[in-house]
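Because the structure is a prediction, the values reported are computed rather than measured. In the text below, chain A, chain B and the rest are named by the order of the sequence lines, each starting its count at 1.
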2 protein chains.
Amino acid sequence: MAPVGRPRSDASHAAILKATYELLREEGLARLTLDKVATRAGASRSTLYRWWPSRGAIAMEATLDMLNRELSLEPKGDNALAEFRRLLKSVARAMRGSTGPIMAGILAECQRDPETLRLFKENLVAPRRAEVVPLLERGIQDGSIRPGVAPHTILDLTFGAIYHQLLLHVPTDDAWMDGVIDILVNGIAAKPTA
Amino acid sequence: MAPVGRPRSDASHAAILKATYELLREEGLARLTLDKVATRAGASRSTLYRWWPSRGAIAMEATLDMLNRELSLEPKGDNALAEFRRLLKSVARAMRGSTGPIMAGILAECQRDPETLRLFKENLVAPRRAEVVPLLERGIQDGSIRPGVAPHTILDLTFGAIYHQLLLHVPTDDAWMDGVIDILVNGIAAKPTA
DNA sequence: TTGAATACGAGACATGTCGTGTCGTAATGT
DNA sequence: ACATTACGACACGACATGTCTCGTATTCAA
């Protein structure tokens, strides 16, 4: 039970994550090397490899805290649809800063390393959806969202749109997000008889 | 005017693209190296570097023909919205095969090489949109799509959703695409009074 | 027929990154 | 004290990159 031997250095751990995060902002995940991280953190590459299996894993851990801090879902008294609308705009706004390119980099890394993709889905996508899906279900019950739509599909569409802009490096603004939400809410079909 | 010297070898050119395409299907863009391409094509790396600036550029050229063949937009007599619906389903279906992972790999490569992103937007996104945007505008005029929605935003949403599934390696089926289209067409808001 | 110009395949080279391993030293429990 | 584990520094082979040189092949023009 009692852990034996020299304990893990919290200082090193923190320094590594800090260095990783700084380098992510400066150069992006594509040009991040474990050597640069180790050097800046004053650590050795052995230590990095001891605790993380891959570059993606380090970047993920370094990014998660920041994301979780930037994107807090604070429910207000509104109906669920209005709340969802606010959530989307706050996400889009967060992606406008240096967070956007970092996210795009992580998505790219996920394509070359299945383990990073697993971490991404497990630590970011799944927890977020576990929060938002009930919100959308509540929207169906409080009458703001029509029944028959799958909450997950709503999220595929909306987050898909945001990812799309991120990956193609198309800057977004509030007007664009308003357009997305308008289509999502009202659809594109002409009204039967206005 | 008259080109002087030994002309470019069409055989080599074709062999390189063929080898690239095969390797893309077998291992994906992430594990594609120019060395493997050259070896399989019976060419030398010098030749690759002479004609293409980067790995992404080769992969792009090798992929474009195939995509352009797989995704042909054949207008039928329907109204524009119905035609758009068919287009989306055919895209989703195409992405279900080995084309999907290749596209995801290209999107990933775009994050590490701006030149590849430029090629992607210029040779794939832009031409496609140039075809589809008029289709959607026609939909506004023939009364199947309500006015006030930006065609480009419709495409951000729908292709965003498809990319989203590709990047997260979520397999799609016709039912999922139907759900996406239903939301896109009808929106998620509860009808005022059914 | 010769020669200039260009492409080709083969392969060498320095560089950078990766993943692993070794070493001496530091810090904890028993 | 001693076993155990973490640490930083460094070395190693493997691989991919981008550039280069070489001898050879193919074309046009003089």
Side-chain angles (χ1 to χ4, degrees), chain A residues 1-20 23-24 26-62 105 108-116 119, chain B residues 1-20 23-24 26-62 105 108-116 119:
Chain A
M1 261 322 176
V4 77
R6 176 177 179 173
R8 176 174 188 178
S9 161
D10 283 343
S12 231
H13 186 199
I16 288 170
L17 288 183
K18 181 166 179 291
T20 303
L23 287 167
L24 280 179
E26 293 168 16
E27 311 184 339
L29 178 49
R31 309 198 198 306
L32 184 76
T33 69
L34 297 186
D35 204 28
K36 283 190 250 183
V37 173
T39 302
R40 179 172 300 205
S44 87
R45 290 200 306 125
S46 326
T47 305
L48 273 67
Y49 280 109
R50 190 193 321 275
W51 299 109
W52 291 277
S54 66
R55 175 177 61 170
I58 287 192
M60 193 77 64
E61 182 167 342
E109 187 72 15
C110 288
Q111 306 310 307
R112 70 170 44 230
D113 176 17
E115 181 62 13
T116 301
L119 289 174
Chain B
M1 258 323 175
V4 78
R6 177 179 179 172
R8 176 174 188 178
S9 161
D10 283 343
S12 230
H13 187 199
I16 288 170
L17 289 183
K18 182 165 177 292
T20 303
L23 286 166
L24 280 178
E26 293 169 17
E27 311 184 337
L29 179 50
R31 306 196 203 306
L32 183 77
T33 69
L34 297 187
D35 205 27
K36 284 190 251 182
V37 173
T39 302
R40 177 172 302 204
S44 87
R45 292 198 309 124
S46 327
T47 305
L48 273 67
Y49 281 110
R50 190 191 323 273
W51 298 109
W52 291 277
S54 67
R55 175 178 61 172
I58 286 192
M60 193 77 65
E61 183 168 341
E109 187 72 13
C110 288
Q111 306 311 307
R112 72 170 43 230
D113 177 16
E115 182 61 14
T116 302
L119 289 174

TODO: Using atom CZ of B:R31 as one end and atom C1' of D:dA14 as the other, report the distance to the nearest whole Å.
DONE: 16 Å
- [ ] Find the distance B:D113:CG to D:dA16:C1' and express it as a whole number of Å.
- [x] 15 Å
- [ ] Kindly indicate whether the side chain of B:L29, heavy atoms from C-beta on, has any atom under 4.5 Å from the side chain of B:R55.
- [x] yes
Open item on the list: Rounding to an integer number of Å, can you tell me how far B:R55 CZ sits from D:dA16 P?
Closed with: 10 Å
Open item on the list: Nearest 0.5 angstrom please: A:E26 CD to A:R31 CZ, how far?
Closed with: 13.5 Å
- [ ] Could you check which residues of residues 32-49 of chain A get a heavy atom under 4.0 Å from DNA chain D? Sort them by number, please.
- [x] A:G42, A:A43, A:S44, A:R45, A:S46, A:T47
TODO: Please state how far atom CZ in B:R112 lies from atom C1' in C:dT17, giving the value in whole angstrom units.
DONE: 11 Å
Open item on the list: What is the separation between atom CZ on A:R50 and atom C1' on C:dC23, rounded to the nearest whole Å?
Closed with: 13 Å
- [ ] By nearest nucleotide on DNA chain D, pick out whichever of B:P7 and B:S54 is the more 5' one.
- [x] B:S54
Task: Inter-residue atom distance B:R40.CZ - B:L23.CG, 0.5 Å rounding - done: 4.0 Å
Open item on the list: Can you confirm whether B:E27 sits close enough to B:K36 that some side-chain heavy atom of one is under 4.5 Å from a side-chain heavy atom of the other?
Closed with: yes
Check residues 12-19 of chain B and write down every donor-acceptor pair under 3.5 Å in which the side-chain atom is one partner and the other belongs to a residue at least two apart or another chain.
| unit_1 | atom_1 | unit_2 | atom_2 | d |
| --- | --- | --- | --- | --- |
| B:H13 | NE2 | B:E61 | OE2 | 3.0 |
| B:K18 | NZ | B:E22 | OE2 | 2.8 |

Open item on the list: Without decimals, in angstroms, what is the distance between B:W52 CH2 and D:dG18 P?
Closed with: 15 Å
- [ ] Please evaluate the base of C:dA26 for a donor-acceptor partner in the side chain of A:R6 within a cut-off of under 3.5 Å?
- [x] yes
Open item on the list: Tell me the interatomic distance from B:D10, atom CG, to C:dA7, atom P, rounded to whole angstroms.
Closed with: 13 Å
Task: Whole-Å gap separating P (C:dG19) and CH2 (A:W51) - done: 19 Å
Open item on the list: With heavy-atom distances below 4.5 Å as the criterion, would you say the side chains of A:L34 and A:W52 are in contact?
Closed with: no
